[in-house]
Structure formats: C-alpha cells, structure tokens
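Note that these values count all heavy atoms, side chains included, but never hydrogens, waters or copies made by symmetry.
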Amino acid sequence: MSTIFRTFYQRYEEVVGVSFEVYAAVVYRHPRSILGLCMLYNCLFSLGFLRFSNEADMEKLFMPTNNEASINMERINEIFQNKSRNNFYPKTLTNINKHVYGGLIARSKGNANLLGTDCLNELRRIDHIIRHEVQIVNDSGSILRYEDVCARKEGRCVASGDFVLTKLFTFLMKAGRIPYPYFMGKSLSWIFGDVGVVDGRLSSASLLRMMYHLKQDTYEDQRRSLAWQTSYVNKLKQIKTNRTDIAFRGSTSVIEESGKSIFGERKDFILTILLMLVYAAFAISGGNCVSGRHTLAIAGVLSTCLAILGAFGAVSGAGVKYVSICAVIPFLIIGIGLDNMFILMACMADTPKTIPVKDRVKQMMKTGGVSITMTSLTDFLVFMVGSTSIFPGVQNFCIYAGVAVMFCYLNQLLFIVPCIIINERRTSEWRHCITCQETRSNKQLREAGHTRVASLFCGGEPAKSPSDSESPLERYPKRLLQKGISYTSVKVVSILLYAAYIGMAIYGAVNVSQNFRASFLVPEDSYVHKYLSWTEKDFPNEVVVSFVIDRELDYSRPDIQESIAAMLKRTRREPFIQRKREINWLLGYKVSRYYNSSSDFIGGLTQFLKSRKDYEIDVVFDETGQRILSSRFYVISRDMRDSKMIKSLLTCTRTIAKQSGLPVIAYAPIFIIGEQFVAIGPSTLQTMVIAMVATLVITSLTMPHPLIITIVCMSMLSIITGVYGFMYMWDLSLSSITMVQLIMSIGFSVDFSAHICHAYISTDGSNRIEQVHSAISRAGGAILNAAMSSIIGVLMLAFTTSYVFKSFFKIMFLVTVFGLLHALLFLPVALLVCGPRSRPDGKSDDEEPSTNTALSMISLPNDIEVSAATTISMRRLPKDRDQEGPVDNNSTAGQDFTQTTDHPGIRL
C-alpha cells in the first residue's frame, strides 16, 4: 500500500511539475524582460500609496465588531446628554478614552511621604502652572486658560483629586483625621497610591492621581479642549521637579503615541536589510569567483523590498486602512522572501551539472516551484482566514500580510528565477561573479604567470557537484545531523527532548491567561507609557457599573421599586462588587423629606432633584416633565485586576439585568475592553481551527500521501501547541495582539516540516535511513538558512520599546525554533520509524527512471558499463584551450558536446 501511495505521489508531482517546467522554459528565453515586468508591476501597484490612510482608534481596532458594549454606550449617550458645561460628574462617563482631559500622577522621590509639606507645595506649584500657564489662542485672538475650557459643576472647575491641595485637607492630614478609604463622599483609593493607614486613618501616600476634566458639549468645546490638552502635554514635558516625579497624559495620547509606530521602525528595518544582505551573502558564500552566488543575495533582498512596496500600495489603493501593528510585516516578509530563495537555490544546486542550464532550471522549478507554492499558498490562506476575524485590527493586518505574502511569491517567480537563470548562464560562460568578465581557472591563471592572490580573486570554474558551491553553513550542519541521527543515543535523546517539550507546552497552554492593557499599545520610552504603567500597577481599578432603564416606567409603583432594589441588592452580593456602595436616586428620594409615594410622586421628585444635582443627571423626563423616560443607578466594583474579573463582572451584571424583569442595560466603560476578553478565546479558537483545516487542504493537494499528510499535520499541531504554551513561559498573554501572531504561526509551522517531508518523499533509497539522509542533504541546508533568515528578519524587533513588536519577535522566534527542531530533529526520527519506504532497489514499484538525477549507468558495446561518475562537458571548447576556460562568443554552447567517463579509453 505504501508503494502505491508513493508511486501515485511521484506521478502526481510529475503532472503538477509540468506547468512549472513550462514556466521555466519561458523565463529562460526572456529573463531580462520578465525582470523588467516584475519591477514595473510592483512600481505601478505602489502608486496606491496615494490613497494611504491609517486607523489609530484603538477601540475600533482591537474590540469585536458590533459588540454589545459599544451598542449600549451609543444608546446611553443618546438618552443622557453631556452636561460638562454646568453639571459634570465623572461617574457619568461612558467612555474614558473619548473623554477629553489632562491626567497627572505625581510620585514622591526617595520613598518620601507625598503628603508632606514640601511635596504638597511642589504639587501646588504644578497645579498653578496647569491652571494659568497652559494656554491656547482662540480664533478671535484671545488667550484661553484652564478656567475657560474646564468641565464645571456648581460653577467650579472639576479637577478630580484637587481637594488634596486645599488648606482644609492639609490641616486634617496633620491632625490625623483623614479616614480611609472614604473621605467626604470621595474614594481615596482612586486618588492615592501606595498608602499607609493607621487605625483607619490615612497617614502617608507615595502617589497622587489627578484629572483635569474639559468640557465637550459642543463641537467648539471639543475643539478648544483638544487644543488645550495638547498644550497641556507639551507644557508638562518642560516642567522640572525636585521633590516629585510626574507622569502625565492627554485623552488622545495613546492614539498619538501608538500611531508613531506606523513608520517608527525605519532605522530598524534598514538595519535588518543590511543584516539580511550580510547573512545571505555568507549563507551562499561557497564556491569560487565563477561559481559564487553572492549577487543573488542582493536579488533576494531587493525582490522582497519590491514586494512590500507593491503589496502595501495595492492594499492602500483598495481602501484598506493601515494599522500600527502592520509595521511588523516588512520584517516578516523579508524573512519569507529569503526562505523561498534559499529553497530555489538548493533545488538548483541539487540538479545535475552535466545537463544544459535550461534543463537544470526546469528541474529546479519542478521541485522548488511546487515547494514554495505550497508554503506561500498556505501562508496566504491562513492570513485570508484571519481577515474574517471579528476584530478589525486583526482583519486589516491579515489583509496586508496576506497580500504581501502573495506579492513576495510572485516576485520569487518573476524576479528571483530570472536572476538565477542569468547567474547560471554567467557561470556556464566562465564569467567572474562580480565583474562578469570572462576568466579562467585558478590553475590556468597560475600557469599563465599570475600571482597567487590574483588567481585566487580572479580565477574560478563552474561547480561540478552541489558540494562545490556550498557554504560552510550549508555543508557542515547537515553532515553532522546525518551522522548523528544514525546513533541510537541521539534518537533516544530526541524522543526524550520531544516528550519534555510537549509536557512544558501543555503546562503553559493550561496556564496562559487573557490580558490586554493600554500600555501594550505605546512604546516603553513614551511619556504616556509611564502614566499607564503607574495607573495599572499602583492604583485599584474600581469600576462604576450603571444600570440604565431605557424605557418609561411608573417608579411610584411598589413592585417597580422592589424590582429595582432587588436587582441592586443581588448585584452587591457578588464577590467583586462593593457591598456598601450604591448610587441610587430612588433610594435617596425615598428617605428624603420630599418623598410623595402616590399623589404627587413626580412633583416631590422634581423638588428633590433640584436639591441634589448629583442625582439630577440620572433622571430623564419627557417634555412635560411629568413622566420619567429613563433613569440609571450605580454600583461600584472592587479592584478589577485581571481579565477574568473583568469578564466575570461583565457577564454577571448583564445576567442580573436580564433576569430582573426590567428594561435595563448593565454598562461600564471597562466593558469595552471586557468584550475582547469575552470574544478572544472563542474567536481565536475558531479562526485557528479554520486556518488549520485550510492548511490541511493545501497540504493534501500538494503532497497527496496519507502518511506524509498525517506527519505534517501532527507536526503543525505540535508546533502550535508549543508556541501557545511557551507564551506563558515568556510572559505573553492572549489578546487581540497575540491572536494575530498565533494565526500567523499556523502557516509558518507547516513550512519547514513540509519541506523535509517533500524532500523525503521525492528521494529514493534502499531503506529509510538512506531516504532520511537524502532528505536532509537536499533540504537541510535550505531549512537552516531559512530559519536563520527568519530570526534575523525579526531580530531588531527584540530591541524595540514596543510591546507589540517585542511580542511579535517572541512568537516568530518560537515558531521558527520549534519548526527547525521538528524539521531537522523530531521528524527525521519519526520518518526513520514510520516513513513510507521505496523498494529495496531504491525505486518505487512501476517507477520510471528519474529525470532529476544524472545517469547512474551507461551501457556500452562489448558489455562495458560506465559508472555514475560520468562527466559531461556541456560546451564546444575553444581550440586554444585545453578543455578549460571561457567559451568563445561564437561557440554553440550546449550543442555538439562530448561526454567522457572515468573508464579509461572510452569517449562518447
């Protein structure tokens, strides 16, 4: 049965390879024209940059499309008008990221008490600068300060935490009469960080947080407030402090700072290109001045750069917005491009040197073309599956990456293949790899009187075998692996290592968590990163959850009142809700002197709300003022420290709201992020399963051998499990950012395994050991070079200050290293045990002699047999040269050639 599958596979590959042979023949005739065509279409597509635009709204990018929280937020904003001009309360905010404000955190230096006299005086100086020296000029030319643009309540500017700077607070603090955590109806835990408490009284604190709220009722208010907060950020960058260290932000700081990464890694990308050029030149550095392939390194890097330019232009021209995480794609594509180039060059080197260049190119494309098509198509389909994600940021990234992969593949066919043909023609004509001038062998130049140095740097000859042009990186690692894998001890170590790998992967996969923080989106050296980090680390994340009744109800009815009370009571019983804190206008009204239970419920309520402005904004009347159209109530959560708590808060409060029997919406600003935690797990799993199925289909179509398909798919599952599990080991969490990278890993997890399996099934041997050795010989060097180029391609991202880029490097490093281990260590051992076998004579049943190999035997008259060491001279040599040297321009290379053997006295 194994022989039948193997024979079918080889015949299938023969049929598929015909199209690549035809293409190779076309390119061979017109290599320079096709090169020009490639450069032309890349440049034309790059014109799409004229329509380039980017999306920087983090909520749109990293939250699920049409999520319930966003819909509820819009509904609440329709019901309750913004009253930042005259009656602003922070509890009413529905989206802290869209609210315009200036944030400030001060930390005392040297572990001093921030509430001491010196620190407070410095804070008062900073506050004075903010209120009076941060200025903007309006259209009429007048100067506007904080007092002119601030959100107001009861005629005063609302700046959260500014009561700490009052003389009353200082007096009470010195007297030890500040209760903690509540003081005058305010939560001090939100304002102070790293506090000291003695007998329930605040004694010290290391951090203070303040927010300078700005009005935004009208478009003009918003425009002025945004201008002021920009001036605010610029001013605080210039402030010098002695007693405190400050961190600050504006409402748009995260968007602005994350947007800087769109082209913020230009220097790193340029350095990556240089590193890739150096590495590629070293990786293919074997040979001499004629057989050297150094110029192909430049061609490989140039083709990927053209692919990036054309792909980004094409996608931009189609109207897809660029997102900041797309900045990693160039680092990714340059690695993919060199990977494919190494595969094609390895296939070219593996072709017989005794046949014409045209036939060698056709054989290269017959094997290498199928290989890079399979991996490129797999990567492309995986990204296209990712483009169906519910997260817009993931969608846009996958579209950009998928199109870039396809452009990279096309450039391999239209740029690299012509370059290889031109290079092979140069080699066959004995031309120098740098100057392209005709030359002779080192021996001939020495005999002609040239110095040893001149003959070394100017002389050379075409390679006679694959090893003649191999670099040390291609030659020695695979030889070491071929030798080592034959030992039982190496096999045992490989099995134990794999068992340990799987154990650690499973452990990590079980413990990996979900998390998404705003600080992930900005560089670590950004001013706003310090503010976000201090906020996340040193201040509790207490969330105000509102229950909004969005329909008209008769609140005077006892059953309605009981339903509302029961809903809030049940909510406060939850472990992550503070039991003693509730903001309830109905309860406040019922215990007030204005309460009228029946005859004039609305009249009494109206009088009550006039005396309690903090409740007035929570009740919406109709035009007559006699009916309540909507209202809202609040509870306060405990410290929401991780994604599980936020997810539980969201799901629990929504469940309570639905089961209350009231037309009520449960909402908190943090639910916008919570939607990601609810959706990220199922969405990631669904997308990855679909991508794996697509990968399985492509593998089945390109390598239709059941056992090989099984091995490749098991390898893919093993690598993905390892990457996911080792995320936990490397301090990465599951989020919409790492979801992109996990989807990407599916395509790359197949590449190396597919290459080694394709090489195994395409080679012959009398037993599995010979087949594995042949597979390693054919693909081992290319896989190692591809792995190294992939790591170098993303290496510079490890030194950036962006979490997005660092996490991308970590994931790419993991998938590359694990893919390399599977392809060159784990899979060879597996193939030695259960790989499909050839017949004992080295051929499958009914297999025709392979056209990929040189003649192994030539039958001659008189029963003389010529061995495989046959040497074929592929040109008519000039009369003035003794079997060596460059071809005369008028000669007919590739025709009328002679064939000599190592059998004495025989010439064909």
Given the ring of [Y], does [X] sit roughly above its face, with NZ or CZ under 6.0 Å from the centre of the six-membered ring and within 45° of the axis?
X    : Y    : value
R107 : W534 : yes
R632 : F547 : no
K91  : Y89  : yes
K644 : F677 : no

- Message: To the closest 0.5 Å, what do you measure between CD (Q222) and OG (S84)?
- Response: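 It is 8.5 Å, given to the nearest 0.5 Å.
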- Message: Working to the nearest 0.5 angstrom, can you tell me the gap between T606 OG1 and E616 CD?
- Response: 9.5 Å
Shortest non-hydrogen contact from [X] toward [Y]:
X    : Y    : value
M645 : D639 : CE-O, 3.1 Å
F391 : A679 : CZ-CB, 4.2 Å
W228 : V134 : NE1-O, 3.2 Å
D614 : I617 : O-CG1, 3.7 Å
S526 : E257 : OG-OE1, 2.8 Å
V544 : A668 : O-CB, 3.5 Å

Can you find a side-chain donor-acceptor pair between [X] and [Y] that sits under 3.5 Å?
X    : Y    : result
S187 : S189 : yes
R124 : T170 : yes
S807 : Q741 : yes
S513 : Y728 : no
N77  : T94  : yes
S643 : N515 : no
S519 : Y803 : no
N234 : S231 : no

Just wondering, are more than 12 heavy atoms of other shown residues or ligands nearer than 6.0 Å to [atom1] in [X]?
X    : atom1 : result
K658 : NZ    : no
Q238 : CD    : yes
H132 : NE2   : yes

Looking at [Y] and [X], is there a salt bridge between them, counting it only when a charged N and a carboxylate O are closer than 4.0 Å?
X    : Y    : value
E122 : R243 : no
D731 : K810 : no
R152 : E147 : yes
E582 : R572 : yes
K530 : E524 : no

- Message: For H99 and H213, take the angle between the two ring planes, folded into 0 to 90°, and tell me which bin it lands in: parallel under 30, tilted 30 to 60, perpendicular over 60.
- Response: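 The arrangement is tilted - the two ring planes meet at 30° to 60°.
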- Query: Which word best sums up how the rings of Y212 and Y232 line up, parallel for under 30°, tilted for 30 to 60°, or perpendicular for over 60°?
  - Reply: tilted
- Query: Given I628 and L605, is the side-chain contact (heavy atoms from CB on, under 4.5 Å) satisfied, shown in steps?
  - Reply: CA-CA 10 Å; I628 301 177; L605 176 60; 3.6 Å; yes
When the aromatic ring centroids of [X] and [Y] are compared, is their separation below 6.0 Å?
X    : Y    : value
F601 : Y589 : yes
F248 : Y527 : yes
F539 : W190 : no

- May I have the step-by-step check of side-chain contact (heavy atoms from CB on, under 4.5 Å) for F88 and L214, ending in yes or no? CA-CA 10 Å; F88 174 78; L214 304 172; over 6 Å; no
- Query: Given V804, which of T738, V522, I737 fulfils the side chain to side chain contact (heavy atoms under 4.5 Å, CB included) condition?
  - Reply: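 Only match with V804 under side chain to side chain contact (heavy atoms under 4.5 Å, CB included): I737.
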- For ring-ring contact (aromatic ring centres under 6.0 Å, His included), just list the numbers for W585 and Y634, CA-CA rounded to whole Å, side-chain angles, deciding distance to a tenth of an Å, and then say yes or no. CA-CA 9 Å; W585 65 265; Y634 307 89; over 10 Å; no
- Message: Name the residue from K235, R125, R145 that meets the salt bridge (charged side-chain N to carboxylate O under 4.0 Å, His left out) definition with E133.
- Response: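 Of all the options given, the one that passes is K235.
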- Quick one: salt bridge (charged side-chain N to carboxylate O under 4.0 Å, His left out) pairs with a partner in residues 540-550, sequence neighbours left out? R75-D550, E542-R581
Identify all side-chain donor-acceptor contacts of residues 113-120 below 3.5 Å with residues at least two apart in sequence or on another chain.
{"from": "N113", "atom 1": "OD1", "to": "L115", "atom 2": "N", "distance (Å)": "3.0"}
{"from": "N113", "atom 1": "OD1", "to": "A205", "atom 2": "N", "distance (Å)": "3.2"}
{"from": "N113", "atom 1": "ND2", "to": "S203", "atom 2": "O", "distance (Å)": "3.4"}

